[in-house]
Amino acid sequence: MPTIMITGAAGFIGGHVAREAERRGGLSLRLMSHRRPPAGAAAAGPATAGPGSGSGFGHGHGPGAVVPGHGTVRADLSDPGSLRGVCEGVDVLLHCASQIGGTPEANEAVNARGTAALMAEARRAGVSRVVYLSTASVYGRGAFRAARPEDLVRNPGSPTSGSRARAEDAVLAAGGVVLRPHLVLGDGDRWVVPSLARILRALPGTVEGWAARTSVITAQDLARLLLGAGLAPAGDLTASVYHAAHPVPVTVRTLLGAVAAVAGPADPAAEDLTAVRARELLAARGIAAQGLDMLTSDHWFDSDPVWRDLRCTPGPDFEAAFKELAEGYRHALLDI
């Protein structure tokens with residue numbers, strides 16, 4: 001029975017990964033959490049509590065992992081001393097913890113230096129496979145059409161993305177695997193759909209037709225890929241960096257139409273705005289235009305290799321998947 005440690009296990013993606021591992025069965029789980037033990041997990045293992053620095057682990061603050069009977073480790077990536085011994089007896093490390101936003105120093109401490117310290121522990125303990133959950137935002141701004149990792153150059157445009165690129169470097173230097181999703185949807189999402197809802201509510205219409213295409217994935221599918229990458233035979237992996245998304249991109253018009261249906265903007269199709277006018281309107285409401293850039297140019301990343309190498313079948317397409325998530329988002333957006 002292989003032992004898998006999941007960092008950020010009380011967060012958005014980490015929680016989904018833990019539940020997917022529990023669903024599969026036949027695995028011993030060690031759940032590393034900095035803020036609170038994942039729901040239902042028992043304290044066990046080489047737990048050394050960190051100082052509680054306030055670092056945000058995971059892509060958001062999701063429902064946590066309901067995995068009775070598995071051990072939890074309390075540690076803080078911003079405190080390398082708290083990581084001592086956490087990887088003892090671990091076969092596979094799924095690193096889903098990240099600082100998102102906050103100060104540049106906090107990002108550097110958690111994402112870059114923290115990941116480097118964790119990789120040192122993994123090497124010392126003889127962990128056989130490390131998989132890191134990164135982000136396509138390490139590429140920075142631009143238009144991406146059926147883009148493959150080997151054809152792109154990282155050009156991060158924020159402290160968060162820059163520090164996560166340096167985290168990637170530490171993982172790759174340790175012989176690990178990196179997965180880069182773009183937009184992740186699902187239970188616990190406090191970033192993607194809420195941000196889209198704010199943009200929709202601030203604009204009196206579409207922006208030049210919302211014709212761009214973008215890559216999305218559900219948190220459940222992403223969890224399957226992360227776990228699959230951790231357990232796959234080494235010979236099946238043809239790359240060290242993969243894009244992680246549903247193979248079929250979604251038009252921004254389709255994406256925002258689904259969000260509008262649960263967010264309830266007055267009339268999202270009332271006017272067709274230029275991108276310049278849309279930025280002016282967002283600025284007037286104090287909303288950063290960064291999200292608009294991703295909605296007005298293609299962000300479509302080729303993810304076929306990861307599904308093929310892991311011999312995994314993608315879940316439902318966007319429209320079918322979002323129908324399953326709609327009611328949860330409707331409740332979550334009441335305060336947005």
Side-chain angles (χ1 to χ4, degrees), residues 11-13 54-62 98-108 110-111 134-144 154-165 180-186 188-216 245 250-260 262-266 268 270-301 329 332-336:
F12 174 28
I13 305 301
S55 305
F57 283 6
H59 276 56
H61 308 302
S98 293
Q99 169 83 23
I100 298 179
T103 67
E105 173 56 31
N107 281 272
E108 193 68 17
V110 173
N111 298 336
S134 186
T135 170
S137 65
V138 296
Y139 298 124
R141 297 173 65 174
F144 306 95
R154 296 180 308 178
N155 184 29
S158 71
T160 294
S161 299
S163 63
R164 295 183 80 180
R180 294 174 183 156
H182 180 43
L183 302 182
V184 184
L185 310 175
D189 167 29
R190 293 193 178 186
W191 297 92
V192 176
V193 170
S195 296
L196 297 178
R198 291 186 186 97
I199 289 174
L200 280 173
R201 290 172 178 175
L203 297 177
T206 62
V207 178
E208 297 178 328
W210 295 126
R213 291 169 295 176
T214 194
S215 287
V216 301
V250 179
T251 65
V252 169
R253 176 178 288 277
T254 298
L255 172 62
L256 292 183
V259 174
V262 298
E271 183 181 351
D272 195 29
L273 308 166
T274 67
V276 171
R277 178 58 180 154
R279 287 189 182 89
E280 292 172 350
L281 291 168
L282 292 178
R285 297 198 176 202
I287 300 175
Q290 179 182 2
L292 185 65
D293 294 334
M294 290 195 297
L295 299 176
T296 53
S297 61
D298 286 333
H299 282 68
W300 170 22
F301 301 94
Y329 272 127
L333 293 174
L334 291 176
D335 297 328
I336 298 299

Is the shortest heavy-atom distance from the side chain of [X] to the side chain of [Y] under 4.5 Å?
| X | Y | value |
| --- | --- | --- |
| His299 | Val252 | no |
| Leu255 | Leu183 | yes |
| Leu185 | Val193 | yes |
| Arg180 | Tyr139 | yes |
| Leu295 | Leu196 | yes |

Can you tell which of Thr274, Asp293, Ile287 makes a side-chain contact (heavy atoms from CB on, under 4.5 Å) with Arg279?
Asp293

Run through Val207, Ile199, Leu203 and flag the one making a side-chain contact (heavy atoms from CB on, under 4.5 Å) with Leu281.
Leu203

Short question: side chain of [X], backbone of [Y] - any donor-acceptor pair under 3.5 Å?
| X | Y | value |
| --- | --- | --- |
| Asp298 | Arg213 | yes |
| Thr214 | Val250 | no |
| Ser163 | Thr160 | yes |
| Gln99 | Gly101 | yes |
| Arg164 | Ser98 | no |
| Arg190 | Phe12 | no |
| Ser137 | Ser161 | no |

Chi angles and distances behind the side chain to side chain contact (heavy atoms under 4.5 Å, CB included) call for Thr251, Trp210:
CA-CA 7 Å; Thr251 65; Trp210 295 126; over 6 Å; no

Look at Asp272 together with Arg277 and state whether they make a salt bridge at an N to O cut-off of under 4.0 Å.
no

I'd like to check the ring-ring contact (aromatic ring centres under 6.0 Å, His included) partners of Tyr329; sequence neighbours left out, ordered by chain and number.
Phe322

